[in-house]
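A, B, ... follow the sequence lines: proteins, then strands. Residue 1 opens every chain. The structure presented is a predicted model; accordingly, all values stated were derived computationally and were not measured. Note that these values count all heavy atoms, side chains included, but never hydrogens, waters or copies made by symmetry.
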2 protein chains.
Amino acid sequence: MHPDRRLTRNQDAVLAVLQEQRSPLSAQALYRLMRDRQPMGLATVYRALDVLKLNGLVQHRVSLEGESLYSSIHQDLHYLTCLHCGQSFVLDHCPVERLEDQIQTSGSFKVYYHTLEFFGLCEPCAHPAAPTPSTVHVDDESTADGEV
Amino acid sequence: MHPDRRLTRNQDAVLAVLQEQRSPLSAQALYRLMRDRQPMGLATVYRALDVLKLNGLVQHRVSLEGESLYSSIHQDLHYLTCLHCGQSFVLDHCPVERLEDQIQTSGSFKVYYHTLEFFGLCEPCAHPAAPTPSTVHVDDESTADGEV
DNA sequence: AGTAGAATGAGAATGGTTATCATTCTAGAA
DNA sequence: TTCTAGAATGATAACCATTCTCATTCTACT
């Protein structure tokens, strides 16, 4: 990874594959995919993703399982993620672009991308057939809005 | 962690400590803090955070280093994070609350909290004294082996 | 062609988080 | 109060995505 340098063959291949994807991919999944395209070591995949990220070509978010998911910088997808089952639903609207522009033009920080994700419980997890973790009674301190 | 159950002493203590904090804390940091308050095993701290999260009392985001940072659900902090040095700057404005309400009232998903984070390069990392990773030439996409 | 610096691969090491399991606690029943 | 089933807890091993190490290969430039 270096200043004013053109991407390497591997970095280019990783970027190309990412740009074909419809949804974010983990580094490991990407590594497996590369076998049929441009086989390379796992470490190289991670390094390539780092370079691409530092150059504003790729973005990433972290799944609930702690896995980093990468996608092309041009994808502006956001999610509703269930804290219980971990399933993610895609949101079609992004209300943040304007703010990003504001930050951008205010100088002093160059914004490449942003993540916006909502967490909570999806319908099945919130109202399961059999009772499931949902309501909790908190006695003291601030909160006490149990009821779900 | 169980249905319609009051928080345990430990879970209560973890929540209380979190509510005193001004900024998000990692589970490990929290574990260290608890020693002076309500000593408990590291695993219990993680379990408590899970329960609190599933009940909408605590939120978390993941740092660039892959560490989960927890905070009270009432903190609505968002960040500008530098991809190069990892430093985070707090944003004072959150433009997303309205959308959260929309999702909330549209039914079918109960939103507890959201994360909003901008990534890019901070001033020092973007314009360092000595040249640093910044510019990259991409000749479109799948140019795997062109000239070079 | 020759050389310095960068990239790469393979595998070891790291470190936050989760799983395991024996023990302790809690809330309700008798 | 005592008894008991189910839940919570602690200590530690196991996991696993990611990073590091280092010897080797490539690349760009002279």
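Following rounding to the nearest Å, L7(B) (CG) and dA7(D) (C1') show an atom-to-atom distance of 14 Å. Residue Y31(B) contributes atom OH, which lies 14 Å from atom P of dT9(D) at whole-angstrom precision. Across the protein-nucleic acid pair, Q11(A) atom CD and dC26(D) atom C1' stand 13 Å apart, rounded to whole Å. Atom CG in L25(A) sits roughly 14 Å away from atom P in dA17(D) (whole-Å rounding). Atom CG in D12(A) sits roughly 16 Å away from atom C1' in dT8(C) (whole-Å rounding). Summarising the geometry, the separation between NE2 on H60(A) and P on dA17(D) is reported as 15 Å, rounded to the nearest angstrom. For the pair R6(A) CZ and dA7(C) P, the interatomic distance rounds to 14 Å; values are reported in whole Å. What separates CE of M34(A) from P of dA7(C) is a distance of 17 Å, to the nearest Å.
Looking at D50(B) and K53(B), a side-chain N of the basic residue comes within less than 4.0 Å of a carboxylate O on the acidic one, giving a salt bridge.
Counting only distance, with no hydrogens or angles, the side chain of Q104(A) and the backbone of V111(A) share a donor-acceptor pair below 3.5 Å.
Phosphate proximity of dT8(C) to T8(A): present, with a side-chain N or O under 4.0 Å from OP1 or OP2. Distances shown here put every side-chain N or O of N10(A) at or beyond 4.0 Å from the OP1 or OP2 atom of dA7(C). Contact between the side-chain N/O atoms of T44(B) and the OP1/OP2 oxygens of dG10(D) is found at a separation under 4.0 Å. Within the structure, a side-chain polar atom (N or O) of R9(A) is placed less than 4.0 Å from OP1 or OP2 of dT27(D).
From S63(B), atom OG reaches atom OH of Y79(B) across 11.0 Å, with rounding to the nearest 0.5 Å. Here the straight-line distance linking atom CG of L83(B) with atom OH of Y112(A) works out to 7.5 Å at 0.5 Å rounding.
Criterion: ILVMFWY side-chain heavy atoms under 4.5 Å apart, direct or through other members. Under it, L64(B) and L116(B) are not part of a common hydrophobic cluster.
Using bins of under 30°, 30° to 60° and over 60° for the plane-to-plane angle, the ring pair Y113(B)/H60(B) lands in the perpendicular bin.
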Heteroatom pairs (N/O) under 3.5 angstrom, protein to nucleotides 16-23 of chain C:
unit_1	atom_1	unit_2	atom_2	d
dT17(C)	OP1	S68(B)	N	2.8
dT17(C)	OP1	S68(B)	OG	3.4
dT17(C)	OP2	Y46(B)	OH	2.4
dT17(C)	O5'	Y46(B)	OH	3.3

Problem - Criterion side-chain contact (heavy atoms from CB on, under 4.5 Å) on L52(A) and L7(A), from CA distance to verdict - result: CA-CA 9 Å; L52(A) 295 172; L7(A) 295 180; 3.9 Å; yes
